[in-house]
S.K.: 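My questions will all concern the structure given below.
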Amino acid sequence: MIDFSLDESLELAVRTARRLADEVLGPGQRAHEQARAVPDGLRAQARELGLDRIDWPERVGGSGMGALARALVLETLGSGDPGAALALDALGTVAQALLAFGGPELLEEHATALDAIPGARAVLVFDEAGTLAC
């Protein structure tokens with residue numbers, strides 16, 4: 001038998017994201033669009049809740065909940081404000097590529113550098129030689 005139900009920790013993460021989407025992101029959507037950014041306080045709130053690093057391994061400050069958790073949380077946050085959902089996830093899928101190609105040390109190195117620049121986002125680029133640049 002296949003069980004498609006979410007475990008308790010994943011349900012809690014989705015409920016937390018739903019609450020943030022309903023109470024903060026949705027009501028603030030127009031303000032975020034007008035400012036072309038999310039407030040630093042909102043970014044800090046998402047970080048405190050662990051939503052921006054939910055799929056990262058615990059050893060690098062994540063929750064270790066995997067790609068399904070990340071997808072469900074982003075989908076839920078996006079229901080309140082799609083732009084803010086992406087803005088709150090500065091490394092996005094780059095995090096998984098950094099883990100795959102360089103391990104936790106590379107992820108931590110780039111995450112630290114990105115955190116030092118307000119509003120920064122990561123983009124992953126492969127050149128013709130297959131060199132990874134972030």
Side-chain angles (χ1 to χ4, degrees):
M1 177 177 186
I2 298 174
D3 182 8
F4 291 105
S5 62
L6 304 179
D7 67 23
E8 188 176 321
S9 59
L10 193 49
E11 282 184 24
L12 178 60
V14 171
R15 278 197 312 268
T16 301
R18 166 65 48 217
R19 191 169 180 188
L20 185 64
D22 290 347
E23 295 176 6
V24 180
L25 298 183
Q29 182 176 13
R30 297 297 173 231
H32 304 151
E33 288 175 354
Q34 192 170 39
R36 300 186 73 142
V38 293
D40 290 338
L42 178 54
R43 196 177 317 281
Q45 184 178 7
R47 172 72 52 90
E48 283 178 30
L49 294 171
L51 299 178
D52 65 332
R53 297 174 182 206
I54 196 162
D55 59 329
W56 294 19
E58 291 179 17
R59 66 181 178 248
V60 289
S63 300
M65 295 180 69
L68 176 60
R70 181 177 188 276
L72 291 173
V73 164
L74 284 176
E75 177 184 39
T76 303
L77 292 175
S79 70
D81 182 347
L86 293 176
L88 294 174
D89 189 19
L91 270 172
T93 56
V94 173
Q96 293 305 316
L98 291 172
L99 279 170
F101 290 106
E105 296 79 20
L106 188 63
L107 174 59
E108 191 169 14
E109 176 187 329
H110 285 280
T112 301
L114 198 63
D115 285 344
I117 306 167
R121 299 286 170 272
V123 177
L124 187 63
V125 177
F126 282 94
D127 65 16
E128 291 178 15
T131 306
L132 172 68
C134 182

S.K.: Nearest heavy-atom pair of Ala111 and Arg53: which atoms, and what distance?
M.R.: CB-NH2, 4.1 Å
S.K.: When rounded to the nearest 0.5 angstrom, what is the spacing between CD in Gln45 and CG in Asp40?
M.R.: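 Taking CD in Gln45 and CG in Asp40, the distance rounds to 13.0 Å.
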S.K.: Which heavy atom of Ala17 sits nearest a heavy atom of Thr76, and at what distance?
M.R.: C-CG2, 3.7 Å
S.K.: With a 4.5 Å cut-off on side-chain heavy atoms, are Ser9 and Met65 touching?
M.R.: yes
S.K.: In plain terms, say whether Asp115 and Arg43 are close enough for a salt bridge, that is, a side-chain N and a carboxylate O under 4.0 Å apart.
M.R.: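 Result for this pair is no, no salt bridge flagged.
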S.K.: When clusters are formed by joining ILVMFWY residues with side-chain heavy atoms under 4.5 Å apart, either directly or through shared neighbours, do Leu72 and Leu12 land in the same one?
M.R.: no
S.K.: Please say yes or no: joined through hydrophobic side-chain contacts below 4.5 Å, possibly via intermediate residues, are Leu86 and Leu51 part of one cluster?
M.R.: no
S.K.: Show the nearest heavy-atom pair for residues Arg59 and Pro104, with the distance to one decimal.
M.R.: NE-CG, 2.9 Å
S.K.: Is it true that Arg70 and Asp89 have a side-chain N and a carboxylate O under 4.0 angstrom from each other?
M.R.: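 Between Asp89 and Arg70 there is a salt bridge, with a charged N closer than 4.0 Å to a carboxylate O.
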S.K.: Taking the side chain as everything from C-beta on, heavy atoms only, tell me whether Gln96 gets closer than 4.5 Å to Leu107.
M.R.: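 Heavy-atom side-chain distance check fails, nothing below 4.5 Å.
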S.K.: If every non-hydrogen atom of His32 is compared with every non-hydrogen atom of Ala84, which pair is closest and at what distance?
M.R.: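 Taking every non-hydrogen atom into account, ND1-CB, 4.0 Å.
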S.K.: Which pair of non-hydrogen atoms, one from Leu99 and one from Pro57, has the smallest distance, and what is that distance?
M.R.: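 The answer is CD1-CD, 3.4 Å.
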S.K.: Per the side chain to side chain contact (heavy atoms under 4.5 Å, CB included) rule, which among Asp81, Leu42, Val73 passes with Leu88?
M.R.: Leu42
S.K.: Measure across Leu74 and Ala85 and return the closest heavy-atom pair with its distance rounded to 0.1 Å.
M.R.: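 It is CD2-O, 3.6 Å.
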S.K.: Looking at Ala87, is its backbone amide N or carbonyl O close enough to the side chain of Arg121 to form a donor-acceptor pair, meaning the two atoms are under 3.5 Å apart?
M.R.: yes
S.K.: State the CG-OG1 distance between Leu98 and Thr93, to the nearest 0.5 angstrom.
M.R.: 9.5 Å
S.K.: For residues 20-27, which side-chain donor-acceptor pairs fall under 3.5 Å, sequence neighbours excluded?
M.R.:
{"from": "Asp22", "atom 1": "OD1", "to": "Arg18", "atom 2": "NH1", "distance (Å)": "3.4"}
{"from": "Glu23", "atom 1": "OE2", "to": "Arg19", "atom 2": "NE", "distance (Å)": "3.2"}

